[in-house]
Amino acid sequence: MSDCIFCGIAAGAMPAERVHEDERTVAFLDIFPACDGHLLVIPRAHADNVHAADPADVAACAQTAKLMAGRVSGALGSDGVTITQANGGAAGQTVFHYHVHVIPRFDGDGVLRPWTPGEASPEELARMGALLRGE
Ligand code: 5GP
Ligand code: ZN
């Protein structure tokens, strides 16, 4: 994908503050960070989203995200880490090369969850469960 910014970063053709790389993945700092140390983990291979991605790349990104979570906890002394990932504009995805956010969190930092917790009745949970099990 010649016009994909994250492909450019993976290839080293676009600048990025790289923190980790291996055969399948690259981790680098987000240029519009939620907070200091906000990282992105990408597969080297282009895929628009989780649906298109090779499952092995999704697994490799999860492993790198775990490694980076340990890195931010150790190097920055964060109290917690948010690991999140968006697929599709409806989910808030803005760069269409699969990526995982690793966000250091500190007590009371005010970095919000991307949703407001709602309510679900036991009946609604059962209905959703059946739908998602394919029943
Ligand atoms: P999304 O909104 O798709 O979940 O996340 C995309 C992320 O990529 C955003 O947090 C945004 O700040 C970051 N981003 C967009 N363009 C660039 C770029 O050129 N370089 C880097 N390092 N991050 C970028
Ligand atoms: Zn790409």
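Whatever order the structure lists them in is the order used to number ligands and atoms, beginning at 1.
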*Asks:* Could you state whether I103 and I83 fall into the same hydrophobic cluster, counting links through intermediate Ile, Leu, Val, Met, Phe, Trp or Tyr residues with side-chain heavy atoms under 4.5 angstrom apart?
*Replies:* no
*Asks:* For D36, is the CG atom crowded, meaning more than 12 foreign heavy atoms sit under 6.0 Å from it?
*Replies:* no
*Asks:* Evaluate side chain to side chain donor-acceptor pair (under 3.5 Å) for R105 paired with S78, printing each intermediate quantity in order.
*Replies:* CA-CA 6 Å; R105 300 298 304 274; S78 63; over 6 Å; no
*Asks:* Of all N, O or S atoms in H97, identify the one at the shortest distance from the Zn ion (ligand 2).
*Replies:* ND1
*Asks:* So which of the N, O or S atoms of H46 lies nearest the Zn ion (ligand 2)?
*Replies:* ND1
*Asks:* Do the charged groups of E23 and R44 touch, with an N to O distance under 4.0 Å?
*Replies:* no
*Asks:* Say whether F6 and V100 are linked into one hydrophobic cluster, either directly or through other cluster members, by side-chain heavy-atom distances under 4.5 angstrom.
*Replies:* no
*Asks:* Among residues at least two apart in sequence or on other chains, which ones pass salt bridge (Lys or Arg N to Asp or Glu O under 4.0 Å) with E135?
*Replies:* R133
*Asks:* Would H20 and D22 count as a side chain to side chain donor-acceptor pair (under 3.5 Å) if you check the C-alpha gap in whole Å, the side-chain angles of each, and the deciding distance to 0.1 Å?
*Replies:* CA-CA 7 Å; H20 172 86; D22 57 38; 3.3 Å; yes
*Asks:* Enumerate the pairs of nitrogen or oxygen atoms, one from ligand 1 and one from the protein, separated by less than 3.5 angstrom; state names and distance to 0.1 Å.
*Replies:*
residue, atom, partner, partner atom, Å
ligand 1, 2 (O), G92, O, 3.3
ligand 1, 2 (O), T94, N, 3.4
ligand 1, 2 (O), T94, OG1, 2.6
ligand 1, 3 (O), T94, N, 2.7
ligand 1, 3 (O), T94, OG1, 3.3
ligand 1, 3 (O), V95, N, 3.1
ligand 1, 3 (O), H99, NE2, 2.9
ligand 1, 4 (O), H99, NE2, 3.1
ligand 1, 4 (O), H101, NE2, 2.8
ligand 1, 5 (O), H99, NE2, 2.9
ligand 1, 5 (O), H101, NE2, 3.2
ligand 1, 10 (O), D30, OD1, 3.4
ligand 1, 10 (O), D30, OD2, 2.4
ligand 1, 12 (O), D30, OD1, 2.5
ligand 1, 12 (O), D30, OD2, 3.4
ligand 1, 22 (N), L29, O, 2.9
ligand 1, 23 (N), I31, N, 3.4

*Asks:* With rounding to 10 degrees, what does the angle C7:SG / the Zn ion (ligand 2) / C4:SG come to?
*Replies:* 120°
